Amino acid sequence: MKDFRSKLMSNPQTITGYAAGAFAAPTGEAIPVIDPATGTTVAVLHESDGAEVDTAVAAARDAFRAGPWAGASVADRQRALHAIHDAILEHAEELAALETLNTGIPFIQTKNIHLPRAAQNFRFFAEFINQDGGEVFTQEPGYMSLVTYEPIGVCALIGPWNMPLGLTAMKMAGALAFGNTCVVKPSEITPLTLARLFEIIDAKGILPPGVINLVNGRGHVTGEALSAHPDIDMVSFTGGTETGARILGALAKGIKGGAMELGGKSPSIVFADADIERALDGAMLGSFMNNGQMCLAGSRLFVHEQVADEFIAAFTTRTKALRVGDPFDPATEIGPMINAAQVARVASYVESGLGQGATLLAGGGQIESDGFFIEPTVMQSNSNALAICQEEIFAPFATIQTFSDEDEVIARANDSAFGLVGYVWTADLERALRLSRRLATGTVLVNTPIMRDLRTGFGGVRQSGLGREGAKGSRAMFTEMKSTIIALERPALPRMGTGN
Ligand code: TXE
């Protein structure tokens, strides 16, 4: 896999947009795409300006209006979605290598988790639309009421850098399954895998021209041009909370909706009756998988005081033993941060934690290299009010607090601007169900680290976002609900204007 890196380092790839079935000329402003493990340029992205965004949106609108996709039979749509699923798996090794090269996420994770998941999104939604239907209401005598779901139109799909292919593939699969056309905008930091996926789909001729389109570039240029475009019908966004608020502002002007999958600061609560070894395994994965750069990271740990000494000592020892290094090395558990700004951000949180009275248990430093490596970090705090316990750090950085009482820990867990996931580690079923009700989060995971089930909805409350991704949540996001009410009989109507 290292060959991959040397090949791209000696001959950086050119990334451009794609509209109406053709790749754009490399004319836009050139932005280097960096391998965060080495700091070298591996590709050059040519930014899509307003005119190029107009072209992509017009292509999506034309394809939507002309109807080869929205009007296609479910069987035809399923065939195309299955073909994309198969194409991703056929190219899994290459796509995983590109993802690792661009994000620094260990190759064993991109290959074994991100790629299968990216593919599975397409298969899941292909199957879902075969069973999905509308509703019929017959309670009103003399009437039959139908609820049907129609494609919303042109969807703008804006993705983040922490899981570029997996997260955006979920948006593409949902949008396409329900008959929409789309314009995809990957993060300007990590455009490689989506650009390659577009090449693969194009080469295989899986979709009619204009059904999927791609624009590339920075948020304030390409992102804003897309999310404020008058001819898009919605935005599905995953990224930072401030960006989500900006996009919602742009959408509000056009009275349009958006689905926002934003940040998190998810509590992970370990009760004294939990299987402690399993809770430790889960807390390590929840804090450090994906280099700790996960919206659903369970990195705000609360440990019951009866097991705190044992748990904290083991968690600290294991954190110090994490293997940080080249993400292509199969032994590596933590790769580099995405860029220098993230390294500086982590350092500022270590400083802020120490300044506010937290104790540094592990890590806290940078690792000298040409890439953006840091030491996985653990800080213990006796207050949930510290910035390190309130703000999303998006790095291999866990905080630990201890607790003695269930009500008290729930109050502290819910004391957050975010509300994405709550993790509970306990052997007590009643307690698990009680916490599922009382944790103010979109998802509660009991005795398991990161687990997504597309049949359920994933999304957050409060500043963690709006909308749910997954079967019916994605349907709500990507369709318009239409009601049709039909009179079955002809009872006499008051005859206005007839004098009777
Ligand atoms: O996200 P941004 P960034 C969090 C995490 C991270 C922080 C910032 O805390 O440190 O957000 O990351 C596009 N109009 N998450 O800076 O800026 C941008 O080009 C339209 C949480 O990468 O939100 C990119 O494609 N689009 C998270 C996408 O939005 C705009 C995942 C995300 O960028 C835009 C990633 C604008 N005005 C970061 N400005 C999660 N929940 O998983 C930017 N963009």
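Values below: all heavy atoms of this structure, side chains included; hydrogens, waters and symmetry mates excluded. As the structure is a computational prediction, the values presented were derived from the model and not from experiment. In each ligand, atom 1 is the first atom listed, and ligand 1 is the first ligand listed.
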Of all protein heavy atoms, the one nearest atom 26 (N) of ligand 1 is G223 CA, 3.5 Å

Of all protein heavy atoms, the one nearest atom 9 (O) of ligand 1 is E392 OE1, 2.8 Å

P186 heavy atoms within 4.0 Å reach ligand 1 at atoms 25 (O)

Note: ligand 1 atoms sitting under 4.0 Å from heavy atoms of I247 are 14 (N), 20 (C), 26 (N)

If you scan protein heavy atoms around atom 6 (C) of ligand 1, the nearest is F394 CD2, 3.9 Å

Within less than 4.0 angstrom of ligand 1, does Q342 place any heavy atom? yes

Shortest non-hydrogen pair, L445 vs I450, comes out as CD1-CA, 4.2 Å

A student checking ligand 1 against E224 at a 4.0 Å heavy-atom cut-off should list atoms 14 (N), 20 (C), 36 (C), 37 (N)

Item to complete: May I ask you to say whether E47 pairs ionically with R218, meaning some side-chain N is under 4.0 Å from a carboxylate O?
Response: yes

**OP:** Output yes when the distance from some N or O of ligand 1 to some N or O of M294 is under 3.5 Å, and no in every other case.
**Re:** no

| query | Are Q293 and ligand 1 in contact, using a heavy-atom cut-off of under 4.0 Å? | reply | no

When L115, L192, T110 are each screened for side chain to side chain contact (heavy atoms under 4.5 Å, CB included) with L95, the one that passes is L115

Does any donor atom in the side chain of N290 or H114 lie under 3.5 Å from an acceptor atom in the other side chain? yes

Ranked by distance from atom 17 (O) of ligand 1, the top protein heavy atom is T243 OG1, 3.3 Å

protein heavy-atom neighbour closest to atom 32 (C) of ligand 1 works out as F237 CE1, 3.9 Å

Within 4.0 Å of some non-hydrogen atom of G239, the atoms of ligand 1 are 15 (N), 21 (C), 23 (O), 27 (C), 31 (C), 35 (C), 41 (N)

Sub-4.0 Å protein heavy atom next to atom 4 (C) of ligand 1 = yes

So the atoms of ligand 1 within less than 4.0 Å of a heavy atom of E188 turn out to be 18 (C), 19 (O)

Closest heavy-atom pair, I152 versus M234, reported as atoms and distance to 0.1 Å, is CG2-CG, 3.9 Å

Of A297, A395, G240, the residue with the heavy atom nearest atom 7 (C) of ligand 1 is G240

For C295, the ligand 1 atoms with a heavy-atom partner under 4.0 Å come out as 40 (C), 41 (N), 42 (O)

A student checking ligand 1 against R246 at a 4.0 Å heavy-atom cut-off should list atoms 37 (N)

the protein heavy atom lying closest to atom 12 (O) of ligand 1 turns out to be W161 NE1, 3.4 Å

F302 and F403 aromatic centres sub-6.0 Å: no

Looking only at protein heavy atoms, what sits closest to atom 24 (C) of ligand 1 is G159 O, 3.3 Å

Taking only non-hydrogen atoms of S227 and a 4.0 Å limit, the atoms of ligand 1 in range are 14 (N), 20 (C)

In terms of the angle between their ring planes, are F328 and F107 parallel, tilted or perpendicular, with boundaries placed at 30° and 60°?
tilted

Students often mix this up, so state it plainly: with edges at 30° and 60°, are the rings of F128 and F124 parallel, tilted or perpendicular? parallel

(Q) Check this for me: does any side-chain nitrogen of one of D233 and R61 sit under 4.0 Å from a carboxylate oxygen of the other? (A) yes

Among non-hydrogen protein atoms, atom 35 (C) of ligand 1 lies closest to P160 CB, 3.4 Å

Give the C-alpha distance, both sets of side-chain angles, the deciding distance and a yes or no for salt bridge (Lys or Arg N to Asp or Glu O under 4.0 Å) between E469 and K171.
-> CA-CA 8 Å; E469 295 194 273; K171 297 182 189 303; 3.5 Å; yes

Looking only at heavy atoms, the pair that brings F373 and A37 closest together is CE1-O, 3.5 Å

Heavy-atom nearest pair, I15 first then A195, reads CD1-CB, 3.8 Å

Quick note, ring pair (Phe, Tyr, Trp, His ring centres under 6.0 Å) partners involving residues 176-197, not counting sequence neighbours, are none

